[in-house]
Amino acid sequence: MSFVPPHYTPTPADVEKVEQAFTFHPMHGDQAERYPMIRAKAKELAYLLMEQCPPSRELNVSLTSLQDTVMWANAAIAIHEDKAKEP
């Protein structure tokens, strides 16, 4: 594969975002307890949706979106929670 020179230079803020997004973030504090709480509430909503909505593409999309929501909520905790704020 040949080298393609970059067309743009990432800003320091862009570099920081990439570093945060693609770095392992070990759990700390009460995070291990909070992740299952988020999943449990999402599971409740998933069952409610399946009980109240007819089987359909739209229902499947809503359930997939709910899975995405859980993933992004957990990522927010893992990536952006400041360990320095722990007691």
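Just the heavy atoms: all of them, side chains too, but no hydrogens, waters or symmetry mates, feed the values below. Everything quoted here is computed from the prediction, not taken from an experiment.
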A.B. asks: Under 3.5 Å, side-chain donor or acceptor atoms of residues 47-59 against the rest of the protein: list the pairs with distances, not counting sequence neighbours.
C.D. replies:
| unit_1 | atom_1 | unit_2 | atom_2 | d |
| --- | --- | --- | --- | --- |
| Ser56 | OG | Pro54 | O | 3.1 |
| Ser56 | OG | Leu59 | N | 3.1 |

A.B. asks: Please go through Phe22's hydrophobic cluster and name the other residues, only I, L, V, M, F, W, Y counting, with side-chain heavy atoms under 4.5 Å joining them.
C.D. replies: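 Besides Phe22, the cluster holds Val18.
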A.B. asks: Throw together a table of side-chain donor-acceptor distances under 3.5 angstrom for residues 63-70, partners on residues two or more places apart or in other chains.
C.D. replies:
| unit_1 | atom_1 | unit_2 | atom_2 | d |
| --- | --- | --- | --- | --- |
| Thr64 | OG1 | Asn60 | O | 3.0 |
| Ser65 | OG | Val61 | O | 3.0 |
| Thr69 | OG1 | Ser65 | O | 2.9 |

A.B. asks: Measure from the side-chain N and O atoms of His80 to the backbone N and O of Ala78, and report whether any donor-acceptor pair falls under 3.5 Å.
C.D. replies: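 No; judged by distance alone, with no hydrogens or angles, the pair does not exist.
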A.B. asks: Kindly give the heavy-atom pair with the smallest separation between Ile79 and Ala21, and that separation in Å.
C.D. replies: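 Taking Ile79 first and Ala21 second, the nearest heavy atoms are CD1-CA, 4.4 Å.
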A.B. asks: What residue pairs, at least two apart or across chains, pass side chain to side chain donor-acceptor pair (under 3.5 Å) with a residue in residues 2-13?
C.D. replies: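 Side chain to side chain donor-acceptor pair (under 3.5 Å) check on residues 2-13 returns Thr11-Asp14.
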A.B. asks: For a quick test of your reading: what N or O donor-acceptor pairs under 3.5 Å do the side chains of residues 31-45 make, sequence neighbours left out?
C.D. replies:
| unit_1 | atom_1 | unit_2 | atom_2 | d |
| --- | --- | --- | --- | --- |
| Gln31 | OE1 | His28 | N | 3.1 |
| Gln31 | NE2 | Ile77 | O | 3.2 |
| Gln31 | NE2 | Glu81 | OE1 | 3.0 |
| Arg34 | NH1 | Asp30 | OD1 | 2.9 |
| Arg34 | NH1 | Glu81 | OE1 | 3.0 |
| Arg34 | NH1 | Glu81 | OE2 | 3.3 |
| Arg34 | NH2 | Glu81 | OE2 | 2.8 |

A.B. asks: To the nearest 0.5 Å, how far apart are CG in Asn74 and NE2 in His25?
C.D. replies: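 The distance works out to 13.0 Å.
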